[in-house]
Amino acid sequence: MRKAVSNSSNTIPFDILLREGITMATTPLEKMQFTGLSYLDSSNYSIAVGGFTKGVTTLDMAKAYSTIANSGEYITSKIVTKIITQDDKLLVSPTDRLIKRVYSPDASYLMLDVMKGVINEGTGYLARTPGVVLAGKTGTTNEDKDSWFCGVTRDYSVATWVGYDTPKSLPRSVVNSSAMLISKDIVQILHPNGSKDFERPTTVVENYIDWNS
């Protein structure tokens with residue numbers, strides 16, 4: 001699993017979805033309110049590698065990564081909390097944040113740990129930021145029409161897409177670096193003094209295994 005995610009070996013997630021069933025993917029996406037999720041995706045196994053029928057937005061991806069960083073809890077975010085008129089009448093009242101359990105804390109932590117490998121030794125190495133603990137994943141589409149990097153720290157979630165409004169192939173140099181470098185610039189601004197590591201839940205333990213015995 002670690003090697004597959006780190007090196008973007010797409011046959012592995014596809015094989016897992018074939019064996020486990022597509023609802024393993026679509027159910028969490030529904031809970032996280034993915035805007036592009038279609039009824040057609042209920043039989044679309046390319047969803048295992050991001051092949052949504054209607055595509056995804058950077059906001060969808062940022063929310064998904066923040067859910068993993070939030071120990072598996074999806075939290076809705078509001079830009080506007082309330083609106084008051086000049087004579088102090090309340091037009092829009094504060095609303096409570098909606099919190100949904102999507103993944104277990106231990107599964108979320110292990111996924112973060114796997115995605116740290118993408119940055120430290122895999123395809124996302126250009127997003128590596130000194131002093132910042134970053135977990136993330138690179139992504140491209142057929143014919144190099146889209147380039148993605150999504151990353152998360154303990155405090156922030158960043159999703160970067162590079163492409164044309166009218167899809168066409170990107171230069172190879174752009175596909176291989178731009179989304180990661182843009183994300184790195186953002187992460188450096190958000191974490192000028194570095195960041196803490198993700199908090200490990202008590203359900204995850206680390207032990208030495210003697211493979212010989």
Side-chain angles (χ1 to χ4, degrees), residues 1-18 22 25-26 28-29 32-38 40-41 43-69 77 111-112 114-130 132-153 155-192 195:
M1 285 289 291
R2 285 182 180 276
K3 189 173 182 180
V5 175
S6 180
N7 297 333
S8 287
S9 300
N10 290 336
T11 55
I12 304 301
F14 187 79
D15 181 60
I16 290 172
L17 205 61
L18 281 176
I22 200 164
T26 56
L29 296 172
M32 292 185 289
Q33 302 177 6
F34 261 54
T35 54
L37 196 62
S38 165
L40 297 172
D41 289 322
S43 57
N44 172 24
Y45 281 85
S46 65
I47 201 174
V49 290
F52 293 85
T53 302
K54 294 185 178 180
V56 295
T57 67
T58 49
L59 180 58
D60 287 331
M61 298 304 291
K63 289 192 300 182
Y65 277 72
S66 69
T67 299
I68 299 172
S77 299
M111 192 69 241
L112 289 169
V114 167
M115 290 194 296
K116 285 196 294 185
V118 175
I119 311 301
N120 296 329
E121 56 210 29
T123 57
Y125 69 97
L126 288 177
R128 197 180 303 154
T129 306
V132 176
V133 180
L134 179 68
K137 185 72 183 71
T138 57
T140 57
T141 56
N142 292 344
E143 300 175 358
D144 293 337
K145 292 181 179 179
D146 304 271
S147 179
W148 283 86
F149 179 80
C150 299
V152 66
T153 67
D155 301 301
Y156 296 100
S157 178
V158 176
T160 303
W161 168 81
V162 176
Y164 293 100
D165 288 343
T166 301
K168 63 179 180 179
S169 296
L170 296 162
R172 196 65 196 166
S173 59
V174 172
V175 173
N176 290 338
S177 64
S178 293
M180 285 182 278
L181 295 176
I182 292 169
S183 297
K184 180 178 180 177
D185 287 344
I186 295 169
V187 170
Q188 287 177 323
I189 293 169
L190 295 174
H191 289 289
S195 72

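Residues take their numbers from the sequence shown, with the count starting at 1. All figures in this text were calculated on a predicted structure; none of them were measured in a lab.
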Answer whether the closest heavy-atom distance between the side chains of [X] and [Y] falls below 4.5 Å.
X: V49; Y: P13; value: yes
X: F149; Y: M61; value: no
X: V187; Y: Y156; value: no

When rounded to the nearest 0.5 angstrom, what is the spacing between [atom1] in [X] and [atom2] in [Y]?
X: I16; Y: T11; atom1: CD1; atom2: OG1; result: 9.5 Å
X: M32; Y: L37; atom1: CE; atom2: CG; result: 10.0 Å
X: E121; Y: K3; atom1: CD; atom2: NZ; result: 11.0 Å
X: I119; Y: L134; atom1: CD1; atom2: CG; result: 4.5 Å

Output side-chain donor-acceptor pairs under 3.5 Å for residues 171-185, partner residues at least two apart or in another chain, one line each.
residue: R172; atom: NH1; partner: D144; partner atom: OD1; Å: 2.7
residue: R172; atom: NH1; partner: D144; partner atom: OD2; Å: 2.5
residue: N176; atom: ND2; partner: R172; partner atom: O; Å: 3.3
residue: S177; atom: OG; partner: S173; partner atom: O; Å: 2.8
residue: S178; atom: OG; partner: V174; partner atom: O; Å: 3.4
residue: S183; atom: OG; partner: T160; partner atom: OG1; Å: 2.7
residue: S183; atom: OG; partner: A179; partner atom: O; Å: 2.9
residue: K184; atom: NZ; partner: R128; partner atom: O; Å: 3.3

What is the minimum heavy-atom distance between [X] and [Y], and which atoms define it?
X: A159; Y: C150; answer: CB-SG, 3.9 Å
X: A25; Y: I47; answer: CB-CG2, 4.4 Å
X: V162; Y: L170; answer: O-CD1, 3.5 Å
X: V152; Y: Y65; answer: CG2-O, 3.8 Å
X: D165; Y: P167; answer: O-CD, 3.5 Å
X: S6; Y: G122; answer: OG-CA, 3.2 Å

Among residues at least two apart in sequence or on other chains, which ones pass side chain to side chain donor-acceptor pair (under 3.5 Å) with [X]?
X: K137; result: S8
X: T141; result: D146
X: K145; result: E143
X: N44; result: D41, S46

Worksheet item: Testing T138, T140, N7 for side-chain hydrogen bond (donor to acceptor under 3.5 Å, both in side chains) with T123, which one passes?
Response: T138
Worksheet item: Going by the salt bridge (Lys or Arg N to Asp or Glu O under 4.0 Å) test, which pairs reach into residues 50-68, not counting sequence neighbours?
Response: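 The answer is none; no pair qualifies.
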Worksheet item: Out of V158, V132, D155, T153, which residue meets the side-chain contact (heavy atoms from CB on, under 4.5 Å) rule with L190?
Response: V158
Worksheet item: Will you find, in the side chains of T53 and S38, an N or O donor that is under 3.5 Å from an N or O acceptor?
Response: no
Item to complete: Check whether more than 12 heavy atoms from other residues, nucleotides or ligands sit under 6.0 Å from atom OH of Y45, and answer yes or no.
Response: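 It does: Y45 OH has more than 12 such atoms within range.
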Fill in: side chain to side chain contact (heavy atoms under 4.5 Å, CB included) evaluation trace for H191 with T129
CA-CA 9 Å; H191 289 289; T129 306; over 6 Å; no
